[in-house]
Visitor: 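Please read through the structure below; I'll follow up with questions.
Chain letters run A, B, ... following the sequence lines, proteins first, then strands; residues in each count from 1.
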There are 2 protein chains.
Amino acid sequence: MPGLVYIVDDDASFRTAIERRLKKAGYEVATYPSAQHLLDCPPSENKLGCILLDVRIPGLSGPELQGRLSEIGSTLPIVFLTGYADVQTTVRAIKAGAEDVLTKPVSSEELLGAIERAMAHHEVMRGQRSQLDALRAHIAKLTPREREVFELVIRGKTNKQVANVLGATERTIKAHRHRVMEKLQVQTFAELVSLAERAGILRESSGTGQAN
Amino acid sequence: MPGLVYIVDDDASFRTAIERRLKKAGYEVATYPSAQHLLDCPPSENKLGCILLDVRIPGLSGPELQGRLSEIGSTLPIVFLTGYADVQTTVRAIKAGAEDVLTKPVSSEELLGAIERAMAHHEVMRGQRSQLDALRAHIAKLTPREREVFELVIRGKTNKQVANVLGATERTIKAHRHRVMEKLQVQTFAELVSLAERAGILRESSGTGQAN
DNA sequence: TCTTCTATTGTCCCATGGGACAATGCGAAC
DNA sequence: GTTCGCATTGTCCCATGGGACAATAGAAGA
């Protein structure tokens with residue numbers, strides 16, 4: 001699997017060495033001397049890739065960069081490189097979603113294995129992400145009113161009940177409902193509920209889950 | 001938060017020392033000299049607890065025990081104790097779901113903090129687990145035929161379509177459908193779909209997701 | 001053998017969902 | 001000022017879902 005590896009390390013000679021090894025293995029490479037450099041020109045989520053990150057670098061540390069990236073919604077897997085075995089840091093990094101933690105010096109076998117797993121992982125993540133994005137993009141096309149109707153019908157409310165809640169006629173709700181089905185491109189009510197569930201709508205502040 | 005800590009360590013004096021520390025902190029303790037001992041009398045999932053596990057023990061190793069436990073569906077969080085910092089093992093343990101990895105000698109602060117987080121985690125897991133179990137138990141009460149009808153209607157098939165697929169009358173499907181709603185204790189169709197989605201039914205071998 | 005569970009089907013009737021066809025009022029953008 | 005998106009409501013009609021009431025038949029157990 002090809003892909004782009006973003007190397008973040010303050011040691012220029014080390015960057016070059018790793019870069020050479022990765023290029024030989026068929027990967028594209030982008031190098032950054034610091035976390036800030038990477039944040040300044042944020043990597044594309046669309047391109048298959050992963051980040052090879054030194055734990056201890058001047059400025060923002062590796063784990064700190066990891067935190068920033070996850071805040072901005074990055075799904076790029078991170079492989080950490082660390083100079084010495086630090087269990088505490090390792091645990092935190094992995095629990096925060098890192099793909100792997102490797103100790104320097106790193107064998108090509110270890111390195112390439114980790115990169116490969118990271119790429120594979122990113123491939124999966126991208127797929128899931130784009131599905132969810134597409135879903136939410138559709139839902140975002142609903143007008144506020146349609147959205148209200150949507151929220152209620154997927155919880156099992158009848159048109160009549162929705163009409164009462166929103167202070168409108170049953171006929172009106174019917175119209176909104178129709179446009180909702182249209183905009184979300186579903187043929188059946190079951191698909192509508194299923195879609196809402198997958199988009200996470202039914203898990204957000206749904207109270208007790210009762211349908212009366 | 002109280003709870004029971006299962007200590008697995010081959011060093012008797014170490015077990016005793018830890019046991020004393022934990023009891024002082026208000027925890028119940030059960031000790032095992034080996035992984036096999038713990039597997040022989042498997043801990044109750046119902047009681048709030050966690051496992052304190054040495055990585056290197058004679059017989060089954062810590063990570064091996066972790067594997068066995070997860071195979072049999074245990075949700076007990078595991079806190080590893082290791083004599084020396086091994087990044088490789090740590091990464092694997094955490095990715096396999098361990099709650100934490102601590103290095104010996106361990107300070108009371110570290111130990112109790114980790115145990116406390118593990119207990120809190122188990123509390124959450126137990127809640128989720130019992131919810132899912134209740135859901136699946138209900139679904140398991142469906143007869144084979146009812147289950148077939150269930151699978152089809154939650155994918156948006158009309159009674160008529162289901163009747164065609166299963167080679168029965170629309171009226172029959174109606175009867176089955178009625179009993180499904182009854183047994184799963186839902187009032188509305190939306191709840192039925194939502195329940196199926198949460199139980200994972202709609203993600204299993206559902207083909208393209210089309211509803212025609 | 002008698003009971004129970006499961007699967008099956010029927011009729012009658014009503015509430016609900018949803019399509020077709022059509023129209024009004026309002027605020028914002030052009 | 002006109003166009004456009006949005007919200008609103010109407011009628012007519014039909015398909016579908018679902019409750020009420022009832023019954024048959026085979027298979028598994030007690």
Visitor: Count the heavy atoms of every other residue, nucleotide or ligand shown that sit under 6.0 Å from CD of B/Q131, and state whether that count exceeds 12.
Guide: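 12 or below, so no.
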Visitor: Check the side chains of B/R198 and B/S194 for a donor-acceptor pair under 3.5 angstrom, ignoring hydrogens and angles.
Guide: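 A donor-acceptor contact under 3.5 Å links the two side chains.
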Visitor: In the structure I gave you, are the side-chain heavy atoms of B/V79 and B/L111 within less than 4.5 Å of one another anywhere?
Guide: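 When only atoms from C-beta onward are counted, B/L111 and B/V79 do not touch, as no gap falls below 4.5 Å.
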Visitor: Taking the nucleotide of DNA chain C with the closest heavy atom to each, which residue, B/E170 or B/K141, is nearer the 5' end?
Guide: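 Its nucleotide being nearer the 5' end, the pick is B/K141.
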Visitor: If the cut-off is 4.0 Å, is B/R171 near the phosphate of C/dT11, judged by side-chain N/O to OP1 or OP2?
Guide: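 No, no such contact exists.
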Visitor: Side chain of B/A168: nearest nucleotide among C/dT9, D/dG10, C/dA7?
Guide: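 The nucleotide sitting nearest to the side chain is C/dT9.
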Visitor: Sub-3.5 Å donor-acceptor pair from the side chain of A/T169 to the main-chain atoms of A/T172, do we have one?
Guide: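 Looks like no, no N/O pair under 3.5 Å.
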Visitor: Under 4.0 Å: is that the gap between some side-chain N or O of A/T143 and OP1 or OP2 of D/dA7?
Guide: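 It does, given that an N or O in the side chain of A/T143 lies less than 4.0 Å from OP1 or OP2 of D/dA7.
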Visitor: How close or far is atom P of D/dA22 from atom NE2 of B/H178, stated in whole angstroms?
Guide: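 My rounded result for the distance is 16 Å.
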Visitor: Find the distance A/Q187:CD to C/dG18:P and express it as a whole number of Å.
Guide: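 Taking CD of A/Q187 and P of C/dG18, I get 12 Å after rounding.
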Visitor: Over all strands shown, is B/T172 touching base, sugar-phosphate only, or nothing at heavy-atom distances under 4.0 angstrom?
Guide: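 It contacts base atoms.
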Visitor: Starting at CD1 of B/I154 and ending at C1' of D/dG17, how long is that distance when rounded to a whole Å?
Guide: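 About 17 Å, once rounded to whole Å.
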Visitor: Nearest to the side chain of A/R179, which nucleotide is it out of C/dT9, C/dG18, D/dT8?
Guide: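 The closest nucleotide is D/dT8.
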Visitor: Check the phosphate of D/dA15 against B/K160, side-chain N and O only, distance under 4.0 Å to OP1 or OP2. Yes or no?
Guide: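 B/K160 to D/dA15 OP1/OP2: no side-chain N or O under 4.0 Å.
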Visitor: Rounded to the Å, how far apart are B/E191 CD and D/dG18 C1'?
Guide: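 Rounded to the whole Å, the gap is 15 Å.
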Visitor: C/dG17, D/dT8, C/dT9: which one has an atom nearest the side-chain heavy atoms of A/H176?
Guide: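 Output: D/dT8.
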Visitor: Students often get this wrong, so: under 4.0 angstrom with heavy atoms, is A/R145 touching a base, only sugar-phosphate, or nothing?
Guide: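 Sugar-phosphate contact only.
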Visitor: Whole Å only: how far is the CD atom of B/Q161 from the P atom of D/dT16?
Guide: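 Computing the B/Q161:CD to D/dT16:P distance gives 9 Å.
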Visitor: Check the distance between D/dC6's C1' and A/I173's CD1 and give it to me in whole angstrom.
Guide: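 The answer, rounded to whole Å, is 14 Å.
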Visitor: Nearest-Å distance, CG (B/L166) to P (C/dT8)?
Guide: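 Result: 8 Å.
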Visitor: State whether the side chain of A/Q161 and the backbone N or O of A/T158 hold a donor-acceptor pair below 3.5 Å, judged by distance alone.
Guide: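 Indeed, once roles are kept as given, a pair shorter than 3.5 Å links the two residues.
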Visitor: In whole Å, I'd like the distance from the NZ atom of A/K157 to the C1' atom of C/dA15.
Guide: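 Atom-to-atom, A/K157 to C/dA15, this comes out as 18 Å.
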Visitor: OP1 or OP2 of C/dT16 versus the side-chain N and O atoms of A/N159: is any pair under 4.0 Å?
Guide: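 A/N159 to C/dT16 OP1/OP2: no side-chain N or O under 4.0 Å.
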